[in-house]
Enquirer: 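I'd like to ask some things about the structure below.
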Amino acid sequence: MNPEDVKVIEGYWKNHELFKRERNLLEKVYATDELNADIRYPKLVAILDAIEKVYGELNEQFQRFIQVRYWEELSPTYEYAEVADILNMSVAKTYKIRTFVMTKTAKELGYITEPTKL
């Protein structure tokens, strides 16, 4: 995956809660037929399904990385060195986890078909 793709998929993880709220709002506003006609809805559902599936398949250490790097309130301000300190691991390990998770997410979304390795 190229760096631009990684940034896009990281954005999906960072905006997970926002996407959930948007999906829920669309579901409240539109009837089922209208939801399928709204081009945003299927993409939101696909992204959320992929994130939730990948997150559920991660071990506890990888899930904690996701929480610290993307989901905690201060996450946007954390650099990888700070994430590494919080998780008591090397910076290199945080990058490996990120690459693994982003690749697995891209694969789940159908963006790539190659195997995911750590």
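Just so you know, residue 1 is the first one in the sequence shown, and it goes up from there.
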Enquirer: For Ala81 and Val91, which heavy atoms make the closest approach, and how far apart are they?
Expert: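 Heavy atoms only, the tightest pair is CA-CG2, 3.7 Å.
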Enquirer: Side chains of Tyr12 and Leu48, heavy atoms from C-beta outward: is any pair under 4.5 Å?
Expert: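 They are not in contact (no side-chain heavy atoms under 4.5 Å apart), so the answer is no.
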Enquirer: Which is it for Tyr70 and Glu10 under the side chain to side chain contact (heavy atoms under 4.5 Å, CB included) test, yes or no, and what are the steps along the way?
Expert: CA-CA 8 Å; Tyr70 303 114; Glu10 278 188 303; 2.5 Å; yes
Enquirer: Are any of the side-chain nitrogens in Glu79 or Arg69 under 4.0 Å away from the carboxylate oxygens of its partner?
Expert: no
Enquirer: Sequence neighbours excluded, which residues qualify as salt bridge (charged side-chain N to carboxylate O under 4.0 Å, His left out) partners of Glu82?
Expert: none
Enquirer: Is the count of non-hydrogen atoms from other residues, nucleotides or ligands lying under 6.0 Å from Asn88 atom CG greater than 12?
Expert: no
Enquirer: If we only count heavy atoms from C-beta on, is the His16 to Tyr55 side-chain gap below 4.5 Å?
Expert: no
Enquirer: Please report the interatomic distance CD1(Ile97) to OH(Tyr80), rounded to the nearest 0.5 Å.
Expert: 10.5 Å
Enquirer: Out of curiosity, Gln67 CD to Glu72 CD, how far, rounded to the nearest 0.5 Å?
Expert: 7.0 Å
Enquirer: Who passes salt bridge (charged side-chain N to carboxylate O under 4.0 Å, His left out) against Lys20, sequence neighbours left out?
Expert: Glu17
Enquirer: Could I get the full list of salt bridge (charged side-chain N to carboxylate O under 4.0 Å, His left out) partners for Glu22, not counting sequence neighbours?
Expert: Arg40
Enquirer: Would the distance check show the side chain of Asn15 and the main-chain N or O of Leu18 forming a donor-acceptor pair, the cut-off being under 3.5 Å?
Expert: no
Enquirer: In Å, rounded to the nearest 0.5 Å, how long is the span from CG of Leu87 to OH of Tyr78?
Expert: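 Interatomic distance, Leu87 CG to Tyr78 OH, rounded to 0.5 Å: 10.0 Å.
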Enquirer: Heavy atoms, side chains only, cut-off 4.5 Å: are Lys93 and Gln61 in contact?
Expert: yes
Enquirer: Please evaluate residues Trp71 and Ile66 with respect to the criterion side chain to side chain contact (heavy atoms under 4.5 Å, CB included), reporting the C-alpha separation (whole Å), side-chain torsions for both, the decisive distance (0.1 Å), and the verdict.
Expert: CA-CA 7 Å; Trp71 291 350; Ile66 293 298; 3.8 Å; yes
Enquirer: Apply the side chain to side chain contact (heavy atoms under 4.5 Å, CB included) test between Gln63 and each candidate in Leu58, Val101, Val68; give the one that qualifies.
Expert: Leu58
Enquirer: Can you get from Leu25 to Val45 by hopping between Ile, Leu, Val, Met, Phe, Trp and Tyr side chains that sit under 4.5 Å apart?
Expert: yes
Enquirer: So how far is it from Leu26 CG to Arg21 CZ, rounded to the nearest 0.5 Å?
Expert: 13.0 Å
Enquirer: Would you give the length of the straight line joining atom NZ of Lys104 to atom CG of Leu109, rounded to the nearest 0.5 angstrom?
Expert: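 Taking NZ in Lys104 and CG in Leu109, the distance rounds to 12.0 Å.
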Enquirer: What's the separation between atom CD1 in Ile9 and atom NZ in Lys107, rounded to the nearest 0.5 Å?
Expert: 13.0 Å
